[in-house]
A.B. asks: 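Got a structure for you, written out below as structure tokens; questions coming shortly.
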Amino acid sequence: MINILVIFGASGDLTSRKLIPALFQLFIKKELPEPFFVVGVSRTPMTDQEWRTKLRSTTIEFNATKFDNSSWNQFKKHIYYFPGNIQSLTMFKSLKQFLKDLEKNATQKRTEEEQEESKFNSSRKGTNCVYYLSIAPKLYADTITHLGNAGMTEESTLLNQPIELRKIIIEKPFGTSLSTARELNQRTHQVFREDQVYRIDHYLGKETVNNIFALRFANTIFEPIWNRNYIDHIQITANEAQTVGHRGAFYETAGVLRDMFQNHLLQLLTITTMEPPNRFDAQSVRDEKVKVLRSIRSMTPEYIYNNTIRGQYSHYRDEKGVDPHSNIATFAAIKLYIDNWRWNNVPIYLRSGKGMSCQTTQIVIQYKEPPHSIFRSNRHPDSKIQLEANRLLIQIQPSEGIKLGFMSKVPGTEMELRNSNLTFSFHDHYSEELPEAYQRLLLDAFSGDASLFARNDEVEAAWEIIDPIQHNWDKTASSEAIHSYPVGFWGPDASEKWMQNQGKQWFNLCPVINSSGKQSPLH
């Protein structure tokens, strides 16, 4: 079967920074399905050779490992460029013919090679074509409609006929609100079945995110204490050290809720708190994630007022493309409750911001203190013992790993305790470079595994949580409601005081696990 990845928006940053380097690494590791082709589509006039030359330079720049020129010379033979305007239906019809010719030539060449090598190939013929929308979100719906009108989405799996498989990968954001997400889903389903649609969130391709499934469901030691009886609260943080930079105009229309919470943070939340699926397949996993989202406590105006904090880093209004009177939030902290048996009354804190102290994405499982301490008594009023509750840290970036904090005795004659750590670091345990998230997700899309992609009802359920908060913030936007914070901090002071008033404390430390293998303490 011929495998073709068609990238719309091929001249953009995502293609050069992420997609092509990921495909190149898969090619080096011989993990790409053979035979395969990459067809880039964009308005910029270029020949195949010009695009290949440009991609070589950007792949050298953004490739995670040492660039291998010999492998690139083989890889580039699979890359083609098709210039055209994606707003033109005529272009799609021409592209369809181009893909047919590419398939025909590849099939003929492969048949000749098999005959020459006296091979008998019993595999079914056909194409597995994946369309990747690396374009402006406002163009998603029309591009999908053009694909349908040009007859580029038709499938065939009939026996004794070539297999024709068609899929589409859609980058975030999938809508900017519940109503726009529903409209986009409706437009998409007029052309593609839901099982053909892959809504991508690169966070879900990271090794540590996938390791949460293994941590919870492949061990007997964690799942029994993964509930309201033992866990005090959960913190999920996704901080960015960079400011908005040249993306000021975009950020004015998005803000931190649409940019980070509706997708990344809620995805991490569902994986952390979902019930065990009966099987590890796309439908079972996504069913459980949707159940979590639908169990989150309703966002009433009173609840939003008491359980959300918003901030804006100083000098944000001086950024290019930003309104000088803007009240857009660049930082947010939200407390959620999941109203089900497992998580009843366990607060879950989500936090994200721009211009923060460091770049980090981490999940903190804060356990309760022991119900009774035998180490504090009237016999030892001057005891040095200070108990700390257990804490499990799952660090997703900048380096990936897991750290568990527990109390141990300090050597000596006195009973003195301190916090110690058990650490699992991918850097320490695996010598090879960890696969970049897009490598895993692209392979899954080719193979038809949608486990790590968002389903339509999952996207809409997430917007049902975020929309009320965003609408409330839009109505109550003022300088008093939005707390300023300096670049390089962990957000506004109001966020720290908000947590302290609840008897809790943010976990402000990163990176706990770094790429050099050196470990920082978990407190």
Side-chain angles (χ1 to χ4, degrees), residues 3-29 31-33 36-42 44 46 51-68 71-72 75-76 78-81 130-137 139-140 143 167-174 198-210 238 240-242 244-247 250 254 259-260 263-264 267 359 361 396-400 432-447 449 452-454 515:
N3 298 275
I4 304 175
L5 177 65
V6 182
I7 304 175
F8 294 101
S11 61
D13 283 348
L14 178 64
T15 301
S16 57
R17 295 174 66 95
K18 295 294 183 180
L19 300 184
I20 295 300
L23 291 167
F24 182 46
Q25 285 301 309
L26 291 172
F27 176 78
I28 292 175
K29 294 185 285 188
E31 293 182 359
L32 282 174
F36 82 94
F37 298 96
V38 179
V39 177
V41 180
S42 187
T44 306
M46 274 190 289
W51 196 43
R52 292 167 181 173
T53 301
K54 177 184 176 183
L55 292 178
R56 183 182 184 278
S57 298
T58 54
T59 302
I60 291 174
E61 181 180 358
F62 299 116
N63 198 39
T65 56
K66 185 178 179 180
F67 182 82
D68 181 69
S71 296
W72 177 263
F75 175 70
K76 71 179 183 180
H78 301 263
I79 298 175
Y80 294 85
Y81 187 80
V130 179
Y131 304 116
Y132 199 117
L133 300 190
S134 179
I135 55 179
L139 301 176
Y140 287 169
T143 302
K167 303 158 190 169
I168 187 165
I169 301 177
I170 305 176
E171 272 283 346
K172 80 170 189 76
F174 198 87
Y198 294 74
R199 300 171 188 83
I200 194 168
D201 184 341
H202 70 275
Y203 268 50
L204 299 188
K206 294 182 178 293
E207 283 295 322
T208 307
V209 174
N210 285 275
E240 297 177 282
Q242 304 92 338
V244 299
H246 67 278
R247 299 174 72 230
F250 160 77
D259 189 40
M260 295 296 293
N263 38 71
H264 300 328
Q267 286 287 347
Q359 185 92 3
T361 301
I396 296 166
Q397 64 176 14
S399 293
E400 300 173 296
E432 64 270 19
E433 191 80 27
L434 289 182
E436 208 275 339
Y438 279 97
Q439 295 182 35
R440 167 70 184 272
L441 296 172
L442 288 169
L443 280 184
D444 283 356
F446 268 117
S447 65
D449 184 354
L452 299 178
F453 296 83
S515 58

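Only this structure's heavy atoms are used, side chains among them; waters, hydrogens and symmetry mates stay out. These numbers were taken from a predicted model, which means no experiment stands behind them.
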A.B. asks: Check whether any side-chain heavy atom of R440 sits under 4.5 Å from a side-chain heavy atom of N210, and report yes or no.
C.D. replies: yes
A.B. asks: Write down the atom of P398, the atom of Q359, and the distance for their closest heavy-atom approach.
C.D. replies: CD-O, 3.3 Å
A.B. asks: Just how far is it from atom CZ of F67 to atom CD1 of I60, taken to the nearest 0.5 Å?
C.D. replies: 4.5 Å
A.B. asks: Under 4.0 Å between a side-chain nitrogen and a carboxylate oxygen: does that hold for K206 and D201?
C.D. replies: no
A.B. asks: Evaluate the side-chain proximity of D259 to P173: yes if any heavy-atom separation is below 4.5 Å, no if none is.
C.D. replies: no
A.B. asks: With F453 as reference, evaluate L204, I170, D444 under the side-chain contact (heavy atoms from CB on, under 4.5 Å) test and give the passing residue.
C.D. replies: D444
A.B. asks: Compare all side-chain heavy atoms of Y81 with those of R52 and state whether any distance is below 4.5 angstrom.
C.D. replies: no
A.B. asks: Is there a side-chain contact (heavy atoms from CB on, under 4.5 Å) between K18 and H202? Walk through the geometry before answering.
C.D. replies: CA-CA 10 Å; K18 295 294 183 180; H202 70 275; over 6 Å; no
A.B. asks: Show the nearest heavy-atom pair for residues G9 and T15, with the distance to one decimal.
C.D. replies: O-OG1, 3.4 Å
A.B. asks: Heavy atoms, side chains only, cut-off 4.5 Å: are F62 and I20 in contact?
C.D. replies: no
A.B. asks: Roughly how far apart are L5 CG and F37 CZ, rounded to 0.5 Å?
C.D. replies: 12.5 Å
A.B. asks: Determine the minimum heavy-atom distance between E207 and E400, stating which atoms define it.
C.D. replies: N-OE2, 3.2 Å
A.B. asks: Using 30° and 60° as the class limits, which term best fits the ring planes of F36 and H78: parallel, tilted or perpendicular?
C.D. replies: parallel
A.B. asks: Indicate the ring-plane relationship of W72 and F24, choosing parallel, tilted or perpendicular according to the 30° and 60° boundaries.
C.D. replies: perpendicular
A.B. asks: I want to check something: taking the side chain as every heavy atom from C-beta on, are E240 and M260 in contact at a cut-off of under 4.5 Å?
C.D. replies: yes
A.B. asks: Return the minimal non-hydrogen interatomic distance between L442 and A22, and the atom names on each side.
C.D. replies: CD1-CB, 4.2 Å
A.B. asks: Do I28 and F75 have side chains that approach each other closer than 4.5 Å (heavy atoms only, starting at C-beta)?
C.D. replies: no
A.B. asks: Just verifying a value: how many Å separate T208 OG1 and Q397 CD, rounded to the nearest 0.5 Å?
C.D. replies: 9.5 Å
A.B. asks: Roughly how far apart are K29 NZ and S71 OG, rounded to 0.5 Å?
C.D. replies: 12.5 Å
A.B. asks: Verify side-chain contact (heavy atoms from CB on, under 4.5 Å) between W51 and S11, making sure each step is shown before the conclusion.
C.D. replies: CA-CA 9 Å; W51 196 43; S11 61; 5.6 Å; no
A.B. asks: Search all heavy atoms of S16 against all heavy atoms of T58 and return the closest pair with its distance.
C.D. replies: CB-OG1, 3.6 Å
A.B. asks: Evaluate the criterion side chain to side chain donor-acceptor pair (under 3.5 Å) for residue pair E171 and Y132; output intermediate values, then yes/no.
C.D. replies: CA-CA 8 Å; E171 272 283 346; Y132 199 117; 2.5 Å; yes
A.B. asks: For the CG atom of L32 and the CZ atom of F27, what is their distance to the nearest 0.5 Å?
C.D. replies: 8.0 Å
A.B. asks: Is there a side-chain contact between F446 and L26 (heavy atoms, below 4.5 Å)?
C.D. replies: no
A.B. asks: On a heavy-atom basis, which atom in A445 and which in V130 lie closest, and how many Å separate them?
C.D. replies: O-CG2, 4.4 Å
A.B. asks: As an exercise, state the distance from OH of Y198 to CD1 of I169, rounded to the nearest 0.5 Å.
C.D. replies: 8.5 Å
A.B. asks: Just wondering, are more than 12 heavy atoms of other shown residues or ligands nearer than 6.0 Å to NZ in K172?
C.D. replies: yes
